[in-house]
S.K.: 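Here it is, the structure in full.
By convention in this document, chain letters (A, B, ...) are assigned in the order of the sequence lines, proteins followed by strands, and residues within each chain are numbered from 1. Being a predicted model, the structure only gives us computed values, none of them experimental. FYI, side chains are in, hydrogens and waters are out, and symmetry mates aren't considered; it's all heavy atoms of this structure.
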There are 2 protein chains.
Amino acid sequence: MNAKPPTSLDVARLAGVSQATVSYVLTDRPGTRISDETRARVREAADRLGYVPHAGARTLRTGRSGLVLMSMEDLPYGPLAVGALEGLDRELSRRGYTLVQYGARRLRGVPAARAWAELRPVAVVAGAGKLSRQAVDVLRSAGVRAVVAIGNRPSAVVPSVVLDHAGVGALAAGHLIDRGCRRLAAVVPTETGLREMGEHRLAGALQAAQARGVPVTRADLPFREDGAAALLDLWRSVDGVFAYNDDYAMLLMAVLRDAGVAVPGDLRVVGCDDLPLAALLRPRLTTVRLDVSMAPSLIVQRLEELMEAGDSAAPDRIDPWTATLVVRESS
Amino acid sequence: MNAKPPTSLDVARLAGVSQATVSYVLTDRPGTRISDETRARVREAADRLGYVPHAGARTLRTGRSGLVLMSMEDLPYGPLAVGALEGLDRELSRRGYTLVQYGARRLRGVPAARAWAELRPVAVVAGAGKLSRQAVDVLRSAGVRAVVAIGNRPSAVVPSVVLDHAGVGALAAGHLIDRGCRRLAAVVPTETGLREMGEHRLAGALQAAQARGVPVTRADLPFREDGAAALLDLWRSVDGVFAYNDDYAMLLMAVLRDAGVAVPGDLRVVGCDDLPLAALLRPRLTTVRLDVSMAPSLIVQRLEELMEAGDSAAPDRIDPWTATLVVRESS
DNA sequence: TTGTACGCGTTATCAA
DNA sequence: TTGATAACGCGTACAA
């Protein structure tokens, strides 16, 4: 059976020194000088006991937890998001912070922000939807020094990382027009959680196309074959489609193939996300994607500024992630 | 600028009661009886101040953090894993625990297990690879009451949730044989992190096929078209392939199509994971998947048993996730 | 160079 | 029914 975890006092006793000395040795504070021999004794005692400092106690004493909270729900899954997350973890731990992912749904009747605040994190990163005015107030009053939203458009209350969906749409539309398309359609998914992104991408496509005198028809589409098939008349009336997504692009291409519409002969299709799978399609799929490689360092840099400055809560926006065109040309 | 977060003492002063009364009211402990009038005063004072209890202080005092740690790296991304994670979060918070995902890579030279131990979680769930004998010792001695590994095979040191990859392979092979295949191949991906799962799936396929007198050829494959194309002779020499994955299945089908091999006429292909995308393939893809719907409740149930029992550290195994055959028959 | 003493916010015990 | 007080483990100013 397990005894209670060893404390720094246990270490001190075993090493024959005081608790303070143990703390000095283990945190290696520059100001204090301890003899090498004592250091060694303390270190060995700590090792032998398997001593691990108590994060809660440290937080209580120092007033800083070093925790950066990120909500679990608000990031899309997929290789891209996971890569960005790992980058964030690396950047933060390099600077002595600890990234922690935390659920946003509390069942005990406690709102998410309150549950987060209990941990006294130094910073919180979450979807814009979770960061209402009052949620942020709760966090602020719990001592959180930096709050950053991630979303499709700038938050009104905190600095935000904005995903440049409009840029994606514009790039896709531009590509189609460059290839000679003169009547475009853009898919907007009907699934909750995707629709808003779809609308931002559509808006970007619209703007880019209008600037060049090309009309864009909006196509609201559930992720089902019959839904896509029902819009056959639309697909036949245009010569270029931005399919929102590689998934939707593949859905579309399957349906078009069944209907005898030639891709890219009769209709060009552009997807988004550059899924590895999409590269295997026949015919090949042209795809656009958000370049998130810079995101982790941008976010961390902004977080650090905010933590320095305290609460200059000006809801500015962080440079959006840029869209990259990956030409896997249908050939 | 922000003042320091309000404490229970602040609430007590504002309500004109003692700190202890505040604690009694807010935690609603059954043993104590406080007048309704006092309760109301305390509640209102807490609300007005935006009081949020300090998790660290509570942990320090009570000795229990209520935190369940899960390593961020060890779960495959994708809709399946995310669904399971959400289920876990729900189950745990229903019982008063808090699920927290935590990075496993520490750069300050601190091993992961030690960083975890600092938080004094009540339970840890991590990939079997991260839970070495000594890592578990560190956790145990820091008071962690339950440690569960997730992996492809049972851990030698802690109870484990075993993903039934062999069952997947067996199911796939059985399906192919039922459809009349007599010479099988099974793909083993060469990517690190996938290879081991591939080998377990292969082993299951082998065993099931041997029992019915059917040979299985192993095909080590990187996720690249030229790699798959280089094995054309193999694909031509068999009549059924278990492709490890829907992704690999699609890779294979693209290559086979280019080479003029008819699917399923000349060669049947079975994938795994039941990706939505796979349903759109032409010809349609037969796929197998792990049914993870029961996983969250199984894991939580086991965790609770372990936390009751303390350290009956017998490395037993939790019922594996079962494989489900999703017949999207190539028709 | 090292030890003493106090405080961080919370909860439990005991006394009123 | 409520209040005073101690204790949890750690970090650090100050004294020795």
S.K.: Rounding to a whole Å, what distance do you find between B:Leu26:CG and C:dG9:P?
M.R.: 16 Å
S.K.: Atom CG of B:Leu9 to atom P of D:dA6: distance rounded to whole Å?
M.R.: 16 Å
S.K.: I need a per-nucleotide contact map over nucleotides 11-16 of chain C, read 5' to 3'. Cutoff is protein heavy atoms under 4.0 Å; write B for the base, S for backbone only, - otherwise.
M.R.: BBB---
S.K.: Taking side-chain hydrogen bond (donor to acceptor under 3.5 Å, both in side chains) as the test, write out the residues that go with B:Arg61, two or more places apart.
M.R.: none
S.K.: Just compare C:dG9, D:dG3, C:dT2 and give me whichever is closest to any side-chain atom of B:Ser18.
M.R.: D:dG3
S.K.: My understanding is that only residues two or more places apart in sequence, or in another chain, count here; which of them pass side-chain hydrogen bond (donor to acceptor under 3.5 Å, both in side chains) with A:Glu196?
M.R.: A:Arg153
S.K.: Give the rounded distance in Å between these two atoms: CG of B:Leu60 and P of C:dG7.
M.R.: 16 Å
S.K.: Measure CZ/A:Arg41 against C1'/C:dT2 and give the value in whole Å, please.
M.R.: 11 Å
S.K.: Across the strands shown, which category fits B:Thr38 at heavy-atom distances under 4.0 angstrom: base, sugar-phosphate, nothing?
M.R.: sugar-phosphate
S.K.: Suppose we screen for side-chain hydrogen bond (donor to acceptor under 3.5 Å, both in side chains). Which residues come up paired with A:Thr59, at least two apart in sequence or across chains?
M.R.: none
S.K.: Tell me which of A:Pro5 and B:Val17 sits closer to the 5' end of DNA chain D, going by the nucleotide each one is nearest to.
M.R.: B:Val17
S.K.: Could you tell me the separation between the CZ atom of B:Arg64 and the C1' atom of D:dA7, rounded to a whole number of Å?
M.R.: 19 Å
S.K.: How would you label the contact of A:Val22 with the nucleic acid (heavy atoms, under 4.0 Å): base, sugar-phosphate, or nothing?
M.R.: nothing
S.K.: Could you tell me how far apart A:Leu119 (CG) and C:dT10 (P) are, to the nearest whole angstrom?
M.R.: 13 Å
S.K.: Thinking salt bridges, do A:Asp137 and A:Arg133 make one under a 4.0 Å N-O criterion?
M.R.: yes
S.K.: What pairs with B:Arg58 under side-chain hydrogen bond (donor to acceptor under 3.5 Å, both in side chains), at least two apart in sequence or on another chain?
M.R.: A:Glu118
S.K.: Using distance only, find each side-chain donor-acceptor pair of residues 9-16 of chain B under 3.5 Å and give its atom names and separation, not counting sequence neighbours.
M.R.:
residue, atom, partner, partner atom, Å
B:Asp10, OD1, B:Arg13, NH2, 3.2
B:Asp10, OD2, B:Thr7, N, 2.9

S.K.: Tell me whether the side-chain N/O atoms of A:Thr21 come closer than 4.0 Å to OP1 or OP2 in C:dT1.
M.R.: no
S.K.: To the nearest Å, give me how far apart CD (B:Glu118) and C1' (D:dG11) are.
M.R.: 14 Å
S.K.: Measure CZ/A:Arg120 against C1'/D:dC10 and give the value in whole Å, please.
M.R.: 18 Å
S.K.: Using 4.0 Å as the upper bound for N to carboxylate O, is an ion pair formed by A:Glu305 and A:Arg302?
M.R.: yes
